[in-house]
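The structure presented is a predicted model; accordingly, all values stated were derived computationally and were not measured. We name chains A, B, ... by the order of the sequence lines, and we start the count at 1 in each one.
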Amino acid sequence: MTKAMTDAVHQRVIDWFSEAARDLPWRRPECTPWGVLVSEIMLQQTPVVRVLPRWELWMQRWPTPADCAAADPAEILTVWDRLGYPRRALRLQSAAAAITSQHGGEVPQNAEELRALPGIGEYTAAAVACFAFGAPEVVVDTNIRRVHARVFSGAALPGPTYTAAQRRLAHELMPATHDDGGVRACAWNAATMELGALICTARSPQCAICPVADLCAWRAAGSPPPTDSQRTRGQAWQGTDRQVRGAIMAVLRQRSPVAAAAVLEGLDLPEASADQRRRCLDSLVADGLAVRAGEPGSAVEQIGLPGTV
DNA sequence: AAACCGGGGTC
DNA sequence: GACCCAGGTTT
């Protein structure tokens with residue numbers, strides 16, 4: 001791909017974004033860095049439409065990191081509701097506590113300091129530095145990997161793992177920052193992500209209305225279907241510990257504390273053995289998502305959300 | 001590099 | 001019913 005073609009892709013995607021971008025609350029100018037951070041954590045593995053109402057409630061209740069850090073962890077998990085992966089909620093509160101105690105209550109502005117916070121990895125650190133503070137970091141999520149794979153590599157899908165070659169490509173594709181201080185680089189990140197979310201989707205991409213369809217290497221190759229190695233192996237759900245853990249957490253959000261025996265026997269999961277139920281309950285306690293009172297396995301054993309027992 | 005971690009919408 | 005989703009942590 002020549003520099004002229006890369007420049008053309010930049011221009012087309014950024015122009016497309018300026019008129020097609022969704023009006024999301026964490027993209028508005030008045031949104032705080034904390035609001036951006038909360039959105040990024042919630043959006044890890046969770047679609048925008050499901051995040052929107054939870055984000056609004058969260059920001060209304062805890063408008064600053066200090067508010068969140070001081071909150072009752074049981075309420076944190078209750079407001080998180082069914083967003084999934086509830087450990088994210090506790091890590092977000094831990095991050096808020098670190099921001100409050102170590103950063104004067106202000107969200108750090110650079111990726112390195114963000115990366116050191118609980119629950120913030122390579123992607124989220126770059127995304128917050130870029131979207132909240134305008135830093136020209138290389139942001140790579142699953143949408144961006146897919147766009148890169150198609151437009152520049154000619155592949156149907158990027159494959160399940162983020163490879164060194166993909167990281168190198170993402171760096172090479174970043175617009176120069178010497179003349180605008182990174183404005184264009186940030187726009188490229190946001191625009192590419194949005195293109196992957198709205199047009200260049202995994203299942204049925206809308207190439208007919210794609211701003212770079214005529215520049216796309218995958219299209220030029222005849223839009224070949226994904227190979228077996230490019231397919232992501234879907235996670236099982238029925239019968240997994242994740243399903244059982246989720247069912248236990250649903251009970252605790254409803255009523256807490258509660259007798260452990262009542263929870264374990266009341267789960268509407270006929271396939272789950274007594275061993276699995278017990279193992280999952282213990283793992284929730286180990287993860288800090290639940291706390292226990294009374295001897296495990298005894299008649300007086302009680303389970304509750306953290307802080308309620 | 002691979003396993004683990006939720007839950008719901010879509011095709 | 002398979003597939004997908006603005007990933008991170010642990011081993």
Side-chain angles (χ1 to χ4, degrees), chain A residues 17 21-22 24-27 35-55 77 80-92 94-95 114-132 137-147 156-164 166 170 186 189-198 200-206 225-226 228-253 269 279-280 283-284 286-289:
Chain A
F17 182 72
R22 290 168 291 181
L24 302 173
W26 45 85
R27 284 180 177 163
V36 174
L37 172 56
V38 172
S39 80
E40 291 298 342
I41 300 295
M42 290 184 170
L43 286 163
Q44 292 168 3
Q45 303 289 290
T46 305
V48 167
V49 287
R50 210 139 52 90
V51 164
L52 273 169
R54 290 295 129 188
W55 184 87
L77 292 171
W80 191 263
D81 197 32
R82 288 183 289 184
L83 278 184
Y85 297 117
R87 290 189 296 192
R88 289 186 294 164
L90 293 186
R91 289 187 186 132
L92 177 55
S94 295
L114 287 162
R115 179 70 181 76
L117 297 172
I120 297 192
E122 178 180 357
Y123 162 77
T124 307
V128 172
C130 178
F131 302 146
E137 297 290 335
V138 182
V139 178
V140 181
D141 76 327
T142 186
N143 286 313
I144 291 178
R145 287 208 303 132
R146 186 172 54 253
V147 172
L157 293 173
T161 51
Y162 184 34
T163 65
Q166 290 174 9
C186 280
N189 286 331
T192 308
M193 198 176 297
E194 191 77 338
L195 187 72
L198 298 183
C200 195
T201 57
R203 204 77 65 85
S204 43
Q206 308 203 46
D228 285 347
S229 67
Q230 288 169 353
R231 278 180 202 292
T232 62
R233 296 177 292 282
Q235 295 179 352
W237 171 243
Q238 295 292 332
T240 62
D241 284 3
R242 296 202 328 285
Q243 183 185 31
V244 176
R245 285 164 54 102
I248 295 172
M249 289 301 294
V251 171
L252 296 184
R253 284 193 302 266
L269 294 172
R279 178 175 72 244
C280 288
S283 74
L284 289 172
D287 287 345
L289 290 164

- Item | Name of the residue among A:Val147, A:Ile144, A:Asn143 meeting side chain to side chain contact (heavy atoms under 4.5 Å, CB included) with A:Leu195 | A:Val147
- Item | Pairwise P distance for C:dT9 and B:dG8, with rounding to whole Å | 25 Å
- With distance as the sole criterion, is a donor-acceptor pair present between the side chains of A:Tyr123 and A:Gln44 under 3.5 Å? no
- Between C:dC5 and B:dC5, how far is it from one C1' atom to the other, in whole Å? 14 Å
- Item | Side chains of A:Gln45 and A:Tyr85 in contact at under 4.5 Å (non-hydrogen atoms) | yes
- Message: So A:Asp241, base contact, sugar-phosphate only, or nothing? Heavy-atom distance under 4.0 Å.
- Response: sugar-phosphate
- Query: Would you say the side-chain atoms of A:Arg50 pair up with the backbone N or O of A:Arg82, donor to acceptor, closer than 3.5 Å?
  - Reply: yes
- Query: How far does the P atom of B:dG6 sit from the matching atom of C:dT11, given to the nearest Å?
  - Reply: 16 Å
- Task: Rounded to whole angstrom, note down the P distance from B:dC11 over to C:dA6.
- Result: 14 Å
- Item | Side chain A:Arg27, main chain A:Arg22, donor-acceptor under 3.5 Å | yes
- Query: Side chains of A:Ile41 and A:Ile120: does their closest heavy-atom pair fall under 4.5 Å?
  - Reply: yes
- Any chance you could list the contact pattern along nucleotides 3-11 of chain C? Use B for base contacts, S for sugar-phosphate-only contacts and - for none, protein heavy atoms under 4.0 Å, 5' to 3'. BSBBBSS--
- A:Thr124 side chain vs A:Gly121 backbone, donor-acceptor pair below 3.5 Å: no
- Query: For DNA chain B, whose closest nucleotide is more 5', that of A:Leu289 or that of A:Tyr162?
  - Reply: A:Tyr162
- Start and end of the DNA chain B segment that chain A contacts, any atom under 4.0 Å from a heavy atom: B:dC5 to B:dC11
- Item | Note, A:Leu43 side chain near A:Val48 side chain (heavy atom, < 4.5 Å) | yes
